[in-house]
Amino acid sequence: MTAFQLDSRLDADTLAVAELPLSTLRLMNDSRWPWLILVPRIAGACELHDLTEAEQRQLAREAALIGRVLKRVTACEKINTAAIGNIVRQLHMHVIARRAGDANWPGPVWGFGVREPYADGADAKLIATLTSALAAENGSNA
């Protein structure tokens, strides 16, 4: 069996945040939106149905967890959760904090404008805030 390997485009466009039971959690390096990506560590998975039923349930739990944490951390109005995969075929789920007036509201984030990488340590600060909030959430669910 082939070992899991993160798609090179996801690796280039995102920053590591945490390892969850099923997925690696990544931050899209685009400061226009707080945008997280869950990538199940399942070699060859391209579609949700490529996962076992147990893995599908775990991915849903992780997406809900990340959505709760992201909403709490950003105080956003809406969480967008999607798995498209037309460009990067490796199964990955987007969890994006949105609010009225953000870049391209209410339209989709995909393919809009030019990516604006985090600067001046803002990525590290957001990652630290997210990991702290994840630890607190996991502690409350223990």
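- A distance-only check finds no donor-acceptor pair linking the side chain of Trp33 to the backbone of Val109 [under 3.5 Å].
- Looking at heavy atoms from C-beta onward, Tyr118 lies in side-chain contact with Leu27 at the 4.5 angstrom threshold.
- Residues in residues 34-48 take part in these side-chain hydrogen bond (donor to acceptor under 3.5 Å, both in side chains) pairs, two or more places apart or across chains: Glu19-Arg41, Trp35-His94.
- The stretch residues 74-94 participates, sequence neighbours left out, in no salt bridge (charged side-chain N to carboxylate O under 4.0 Å, His left out) pair at all.
- Using a distance-only test at 3.5 Å, with no hydrogens or angles considered, a donor-acceptor pair links the side chain of Arg98 to the main chain of Gly107.
- Put simply, Met28 and Val17 are part of two different groups of oily side chains (I, L, V, M, F, W, Y) that touch within less than 4.5 Å, one to the next.
- With a 4.5 Å cut-off on side-chain heavy atoms, Pro40 and Glu55 do not count as touching.
- Atom CD1 of residue Ile66 and atom OG1 of residue Thr81 lie 10.5 Å apart, to the nearest 0.5 angstrom.
- Here Asp7 pairs with Arg9 under the side-chain hydrogen bond (donor to acceptor under 3.5 Å, both in side chains) rule; sequence neighbours left out.
- Thr52 places none of its side-chain heavy atoms less than 4.5 Å from the side chain of Ile42.
- Taking 4.5 Å as the limit, every side-chain heavy atom of Val69 sits out of range of all side-chain heavy atoms of Lys71.
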| request: Give the intermediate values and the outcome of side-chain contact (heavy atoms from CB on, under 4.5 Å) for residues Val39 and Leu91. | output: CA-CA 6 Å; Val39 185; Leu91 178 60; over 6 Å; no
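- Taking CG of Leu22 as the start and CD of Gln56 as the end, the distance is 10.5 Å to the nearest 0.5 Å.
- Pairing each heavy atom of Asp50 with each of Gly44, the nearest pair is OD2-O, 4.2 Å.
- Residues Leu59 and Ser23 form a side-chain contact, since some pair of their non-hydrogen atoms from C-beta on lies under 4.5 Å apart.
- If you chain together hydrophobic residues whose side chains sit under 4.5 Å apart, Leu6 and Ile127 never meet in one group.
- Ile96 has its side chain out of reach of Ile79: every pair of non-hydrogen atoms, C-beta onward, lies at least 4.5 Å apart.
- Listed by first then second residue, pairs satisfying salt bridge (charged side-chain N to carboxylate O under 4.0 Å, His left out) with a partner in residues 20-36 read Asp11-Arg26, Asp30-Arg32, not counting sequence neighbours.
- Residue pairs that meet the salt bridge (charged side-chain N to carboxylate O under 4.0 Å, His left out) test with at least one member in residues 116-133, sequence neighbours left out, do not exist here.
- Here the side chains of Gln58 and Leu20 are not in contact, with every heavy-atom distance at 4.5 Å or above.
- Scanning both residues, Ala97 and Leu70, for their nearest heavy atoms gives N-CD2, 3.6 Å.
- No donor-acceptor distance shorter than 3.5 angstrom exists from the side chain of Asp13 to the backbone of Leu10, with no hydrogens or angles considered.
- Looking at heavy atoms from C-beta onward, His92 lies out of side-chain contact with Leu38 at the 4.5 angstrom threshold.
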| task | Test side-chain contact (heavy atoms from CB on, under 4.5 Å) on Leu25 and Val95 and set out the steps. | result | CA-CA 10 Å; Leu25 179 63; Val95 182; over 6 Å; no
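- Remark: Gln90 CD to Ile37 CD1 distance equals 10.5 Å, nearest 0.5 Å.
- One distance of note links CG of Asn104 with CH2 of Trp110; it measures 11.0 Å at 0.5 Å rounding.
- Arg99 places a side-chain N or O within donor-acceptor distance of the main-chain N or O of Ala75, the cut-off being under 3.5 Å.
- In this view, Pro117 and Asn29 satisfy the side chain to side chain contact (heavy atoms under 4.5 Å, CB included) rule, not counting sequence neighbours.
- Side-chain atoms of Ser132 never come within 3.5 Å of backbone atoms of Thr129 as a donor-acceptor pair (strictly under, hydrogens ignored).
- Here the straight-line distance linking atom CD1 of Ile84 with atom CE of Met93 works out to 10.0 Å at 0.5 Å rounding.
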